[in-house]
Amino acid sequence: MRCLLTASIVFATLAGGVYGHGRDSNTPLRRRKTLGFGPEHPHAVFKSNPYQIQTVGFTPLSPTTDPYDVARLFVSDVLGASDDSSSWKVRKDSYTDETTGVTHVYIRQVVNGLEVTDGDMNINIRDGRVLSYGNSFYKGPTPAPFSSTVAPEDLRHPQDEFCDQLHNHIASLVRQTADDQIVMGSSAISPELTHIVESNCAHPQLPASLSSDPTDFRSALLQFMAAATPNRELAEDIARNHHQYVEKMTVTDESHFAPGSETQVQFKVDNVPDAVNPATAHLAYVQVPNRAGDATELQVVWKFEVEMQDNWYESAVTATAPHRIVSVVDWASDSPIPIPSPEPKQATYNVFPWGTNDPESGSRAIEKENIDSLASPAGWHAIPYSHDPASKDLRPGAKEGFWRNTTTTWGNNVFAQENWEGMNDFIGNYRPEANNEKAFDFSYKPRETDRDDAYEEAQAYINATVAQLFYTNNKIHDFYYRYGFNEVTGNFQQYNFGRGGEENDAVIANAQDGSGYNNANFMTPPDGRNGRMRMYLWNTALPYRDGDMEAGIVIHEYSHGLSTRLTGGPANSGCLGWGESGGMGEGWGDFLATTIRSNRNYSDYAMGAWAANRDVGIRNFVYSLDDKVNPSLYKTLDKPGYWGVHAIGEVWAEILWVVSHELIQKHGYSDELFPPTAGPDGLVPRDHHFWRQDKDLYVPRHGNTLMVQLVLNAMKLQPCRPSFFDARDAIIEADRVLTDGENVCLLWKGFAARGLGVDARVEGRTPWGGGIRTNGYAVPMQCREDNSGDDELREFL
């Protein structure tokens, strides 16, 4: 009884704000509610060496064989006798990566005509060979049409299991703190851990008697909205007045059976409580672990996509009552190129330049618009009228030609503006206007005021703030583009210049967002829908600190879009939702932001230190090569306080930081992270010192640039819902593809230094990061001085 009472006291007293990632705030602030959980897939695999691939009976084909034919044959070999041409389909977001020549083919399992939304296979192919693949296909018997393989009561329900184990974890921490007589303010029970419980486990269950028709999904959708809404009164009202909300919702059949398109039975739902746009719904299968936990069963679900004020959800809810939420992911993580005519004047910006992390790291300077002929061939301020969401509001006769050339922070890659109201509208929001010289030159000298006037003081510098946000977003767009995050891989652009991929998805970047403080977030829907970045003021100091001015936060947020679009394919935004996968989504952002701000003279770096006004930033430790400064190891994930994705992420980022410096020690350091620009012919100079001259592919010469390339390439190789092991193996596989594996042993050395060697193990891993881990410090046999043992060589090659 004492433990339960103590837990309630701790929950009631803990408060804090983070930028979705942070630590403590000076004052209690509203945190964005977010759900995130789903089933474990004990049968899922990622194979990345030739011996493992040969075990499925597949042998390399001619280098001239169409990679999609290779993929189809490979799927047949993997499935064996169970292969059926109607049991799977090649997803349309498959593509060939022009930087490596690897074709990434994404396969989706189909049962009884319905997609198994977590039945994924990603196959990486080059020159007729399968380099690696991931597979989470359901392997059990086929159920009758539109039915599940077992009764719901015989399945483990991911949300119930998640909440039960989380409460047990909390209770154990409370017992520990009670024994130590340190109950209040325990560092083990973090605000983030408390927030996870409140967001995911505290909502009403609608009565089963209210929803008995499995063909009417409105009750299932209401069950999800009762869980998703941050408004507790609304959740309770949904439970009390269920029928009234059902009657208010209107459903439109949006099924499409157009020739050449994928058949999809889909519905649009209006008047969904707490949604800001119509929701979508379609039937599908999801795999749910059986009671033994050694296999999965198929559950018929309604898949919903719901956009809310602070969230954009993809969820699966059982089709039959009582409706249970099975999984939920919050997305709130060359043809000839036409050139505008006449060519517009190049803009300039008074900003903290690329590589300057924050106002305490350097001074502002006049920077030019970085018109990269590959990444942004029309510049940063040009957008085709046909792809411009604001064009309908232009005065009659204003449209001339194909392009609209703007003099505000509005372009093909980014729409940047204030969002003081904290709403979803953005087109009519305020943004600065350049002068006649197209100069965005605005002062930024906020003065210390009383706290009552601090918000208005920050608003007074909105021109400088939005210009900085626009500049940083465009720079990171171009930077990631040059390392392979282009149109076909799912990048963010309104117009794709005829180079493939889905269009109309530039980043909506909101400065000084009024929906909170001490925060930032990025919503990443599938390719073809706008990413949304929201940046906040931080009331951690006077004058208030503006997150838009800390480049590391902006880069971290944009990197959520990068990793989500590259992992599992650009049309699948559900691969980094929770646990180790979700944690690595945070870790990649920290690592890339830290790499971009680093320089030749080594330093340790904190994340978010300026905005948070804390020397150690918003993480448990600064990023450091010294294990006394940052002791993070793989097994650190088992410690109290490392349940959430942000704590998991900082362990992954620290591991990558150590690995990258193994490459830097061998290959040196480049002061310029950007690859050389293309010439007038549109070609990148091959003989530039940025590249290795002894390789056929464009291989960065230096350790820091090579690590960035390997990290991005590995995201394309790894499977949906990757573990630390999968992501590690994908980076090593990326080096084999890019350099013929000359750095494999060096990479293993770096991973092993932080406990992620070949002998690292985890037992009882749960989808949200639980389990018992064992650090592994060994490298493969071929990387040891006493090289011997063919069996081990085969296992880890």
Self-check item: side chain to side chain donor-acceptor pair (under 3.5 Å) partners for N491, two or more places apart
Solution: Q493

Quiz prompt | For A284, all residues meeting side-chain contact (heavy atoms from CB on, under 4.5 Å), sequence neighbours excluded | solution = T117, H282, V301, K303

Quiz item: Do W578 and S327 have side chains that get closer than 4.5 Å, going by heavy atoms?
Solution: yes

Self-check item: salt bridge (charged side-chain N to carboxylate O under 4.0 Å, His left out) involving K635 - partner list, sequence neighbours excluded
Solution: D638

Practice problem: Would you please say whether a donor-acceptor pair under 3.5 Å links the side chains of E314 and S573? | Solution: no

Quiz item: Counting only N and O atoms by type, is there a donor-acceptor contact under 3.5 Å from the side chain of K695 to the main-chain atoms of L738?
Solution: no

Quiz item: Is there a donor-acceptor contact under 3.5 Å linking the side chains of S376 and D478?
Solution: yes

Exercise. Using atom types as modelled and distance alone, determine if a side-chain donor or acceptor of N413 lies under 3.5 Å from a backbone N or O of N474.
Key: no

Quiz item: Is the closest side-chain donor-acceptor distance between T96 and T103 under 3.5 Å?
Solution: yes

Quiz item: Mind checking whether W354 and F674 have ring centres under 6.0 Å apart?
Solution: yes

Quiz item: Which residue pairs pass the salt bridge (Lys or Arg N to Asp or Glu O under 4.0 Å) test when at least one of the two sits in residues 705-717, sequence neighbours left out?
Solution: D97-K716

Quiz item: Can a salt bridge be assigned to the pair K47 and D729 using a cut-off of 4.0 Å between side-chain N and carboxylate O?
Solution: no

Exercise. Under the side chain to side chain donor-acceptor pair (under 3.5 Å) rule, collect the residues that match up with R126, sequence neighbours excluded.
Key: none

Quiz item: Residues two or more places apart in sequence or in another chain: which of them pass side-chain contact (heavy atoms from CB on, under 4.5 Å) with V488?
Solution: Y95, N486

Self-check item: Sidechain N-carboxylate O distance under 4.0 Å for E115, K89
Solution: yes

Exercise. Could you please spell out the steps behind the side chain to side chain contact (heavy atoms under 4.5 Å, CB included) verdict for F485 and L566?
Key: CA-CA 8 Å; F485 185 40; L566 291 185; 3.7 Å; yes

Quiz item: Between the side chains of S670 and N704, does any donor sit under 3.5 Å from an acceptor?
Solution: no

Quiz item: With F725, which of Y634, F751, W652 fulfils ring pair (Phe, Tyr, Trp, His ring centres under 6.0 Å)?
Solution: Y634

Quiz item: Hey, does the Lys NZ or Arg CZ of R686 hover above the aromatic six-ring of Y698, less than 6.0 Å from the centre and inside 45° of the axis?
Solution: yes

Exercise. Determine yes or no for a side-chain-to-main-chain donor-acceptor pair under 3.5 angstrom, with S581 supplying the side chain and P722 the backbone.
Key: yes

